Amino acid sequence: MSADRTRILVSAGEPSGDAHGAPVVSALRARLPESVIEGCGGPRMAAAGLVLRCDVDRLGAMGFLEVIAALPRHLGLLRSFTAEARAGRFSLAVLIDYPGFHLRLGQALRAAGVPVLQYIAPQLWAWRSQRLPRLRRAVDRLAVILPFEAEWFSNRGVPCTFVGHPVLDREWPDQRTARARLGLPPDARVLGIFPGSRESEIGHNWPLFRDVGRRMLAEGQCRHAVVAGTAAGYYPDAPPMLIHRGASELVMAASTAVLVKSGTTTLEAACTDTPMVVAYRTSRTSHAIARRLLKVPWISLVNLILGEALVPEFWRLPVAAAPVADALRPLLNEVDPAHVTQRAGLARLRDRLGLPGAADRVAELALDLLS
């Protein structure tokens, strides 16, 4: 197929997918400069050259009522892309994360003869493994970012390639530079606090994280506690802690240790060699569902990748400030054995995350499907 006839559908459904998708769009454009790359994304993917058919702000939804309200948009987009695929519009599709929508879309595209590459796998190894048959029908190939996923999915009949984690492609400042940019002294103990990016996460986590941060300051365990805040996040009663609503990587790199919610933030801490404690609060109903469905012993990606409890985790109810503070206290002392041991473990973890260049490897997999 000649490049001038190539039309690639690339789809992301939320801001994190927009961040992961932008370098993939750039890599595809570098390899197929005459192709048309269109689909769903956000400002980063658009800047990289994606012709926007739908913005992630219109797709992403959190909460029961929001999900119900977003259904017509999802169904309309699904019908539109399916009809266009049947008419021969697309040569290839690259779907990024967002499995609730992309499993349906991928199945419809493949039925219409469009090869599908899924970048970032649904976490079926953690829960809802009954969706595996749907995944097999929805993808021609899976590009995964966690090292243990390649074997897990391949053993279950899903063609899979480990491309490395995109967190390795980000630039991380050193501690002295980050502190200078935040106006913090170079030799003080600094606690970083990362309660989450979504409103619901902040609402559940903030009271706990705030109480732990205040306790560390009152005890003199740290001189500064800095919260990585979102632009619109609400953090009541934060003082004497500082709220930084800019680049969160500065807070991460500046910290002696961090209190973080589970998710990619734990790998960001590993990249900056920052010891951490992971805590996560949710509603009792959500907690009960998670306890019943989870098939893994840990919730932090650090522990899951290493296969050991390197990082202290607190998510089983009740999640109280005192035990979280007890786990965090030694990590704020750079000569404490707990701090030294965790940093050694984070070095081992970084070795397992692959090599930089995940987006380039995704683009090469896409070209293989295209040919």
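What you are looking at is a predicted structure, and each value in this text was computed from that prediction instead of being measured. Scope of the values below: all heavy atoms of this structure, side chains included, with no hydrogens, waters or symmetry mates. Nothing fancy with the numbering, it's 1 onward along the sequence.
- Under a 3.5 Å cut-off, the side chain of Thr266 and the backbone N or O of Ser262 do not form any donor-acceptor pair.
- The side chain to side chain contact (heavy atoms under 4.5 Å, CB included) search around Asp211 returns Ala321, not counting sequence neighbours.
- Proximity of a side-chain donor or acceptor of Thr265 to a complementary backbone N or O of Lys261 within less than 3.5 Å is not detected.
- Other residues, nucleotides and ligands place more than 12 heavy atoms under 6.0 Å from the CZ atom of Arg136.
- Glu151 is linked by a salt bridge (charged side-chain N to carboxylate O under 4.0 Å, His left out) to nothing, counting only residues two or more places apart in sequence or in another chain.
- Every residue meeting the side chain to side chain contact (heavy atoms under 4.5 Å, CB included) condition with Phe162, not counting sequence neighbours, appears here in chain and number order: Val144, Pro147, Ala150.
- The two residues Thr256 and Pro275 come nearest to each other via the heavy atoms O-CD, 3.5 Å.
- Arg7 places no side-chain N or O within donor-acceptor distance of the main-chain N or O of Val36, the cut-off being under 3.5 Å.
- Every salt bridge (charged side-chain N to carboxylate O under 4.0 Å, His left out) that Arg170 has, sequence neighbours left out, goes to Glu249, Glu268.
- Listed by first then second residue, pairs satisfying ring-ring contact (aromatic ring centres under 6.0 Å, His included) with a partner in residues 227-277 read Trp206-Tyr235, not counting sequence neighbours.
- In this structure, the side-chain hydrogen bond (donor to acceptor under 3.5 Å, both in side chains) partners of Asp174, at least two apart in sequence or on a different chain, are Thr177.
- Taking a cutoff of 4.0 Å between a charged side-chain nitrogen and a carboxylate oxygen, Arg214 and Glu219 do not qualify as a salt bridge.
- More than 12 heavy-atom neighbours from other residues, nucleotides or ligands sit within 6.0 angstrom of CZ on Arg29.
- Within a 6.0 Å radius of CD in Glu199, other residues, nucleotides and ligands contribute 12 heavy atoms or fewer.
- With sequence neighbours excluded, no residue satisfies ring pair (Phe, Tyr, Trp, His ring centres under 6.0 Å) with His165.
- Ser255 places no side-chain N or O within donor-acceptor distance of the main-chain N or O of Val258, the cut-off being under 3.5 Å.
- Without hydrogens or angle criteria, Ser80 side chain to Gly76 main chain gives no donor-acceptor distance under 3.5 Å.
- Not one N or O on the side chain of Gln342 forms a donor-acceptor pair closer than 3.5 Å with the backbone of Ala338.
- For Arg343, the side-chain hydrogen bond (donor to acceptor under 3.5 Å, both in side chains) partners are Asp273, not counting sequence neighbours.
- Taking hydrophobic clusters as Ile, Leu, Val, Met, Phe, Trp and Tyr residues chained together by side-chain heavy-atom distances below 4.5 Å, Val51 does not share a cluster with Phe90.
- Partners of Ala22 according to the side chain to side chain contact (heavy atoms under 4.5 Å, CB included) rule, which considers only residues two or more places apart in sequence or in another chain, are Arg44, Met45, Ala48.
- Partners of Arg141 under the side chain to side chain contact (heavy atoms under 4.5 Å, CB included) rule, at least two apart in sequence or in another chain, are Leu117, Pro159, Thr161, Leu365, Leu369.
- Side-chain N or O atoms of Ser129 include none that pairs as donor or acceptor with a backbone N or O of Trp125 at under 3.5 Å.
- Among all heavy-atom pairs drawn from Phe81 and Gly39, the shortest one is CZ-CA, 4.5 Å.
- In the displayed structure, Arg350 atom CZ is contacted under 6.0 Å by more than 12 heavy atoms of other residues, nucleotides or ligands.
- By the salt bridge (charged side-chain N to carboxylate O under 4.0 Å, His left out) test, Glu334 pairs with no residue at all, sequence neighbours left out.
- Partners of Ser300 according to the side-chain hydrogen bond (donor to acceptor under 3.5 Å, both in side chains) rule, which considers only residues two or more places apart in sequence or in another chain, are Asn303, Glu313.
- Glu38 places no side-chain N or O within donor-acceptor distance of the main-chain N or O of Leu50, the cut-off being under 3.5 Å.
- Under the 4.0 Å criterion applied to side-chain N and carboxylate O atoms, Arg348 and Glu308 are assigned as salt-bridge partners.
- Applying the 6.0 Å contact sphere to CZ of Arg223 captures no more than 12 heavy atoms from other residues, nucleotides or ligands.
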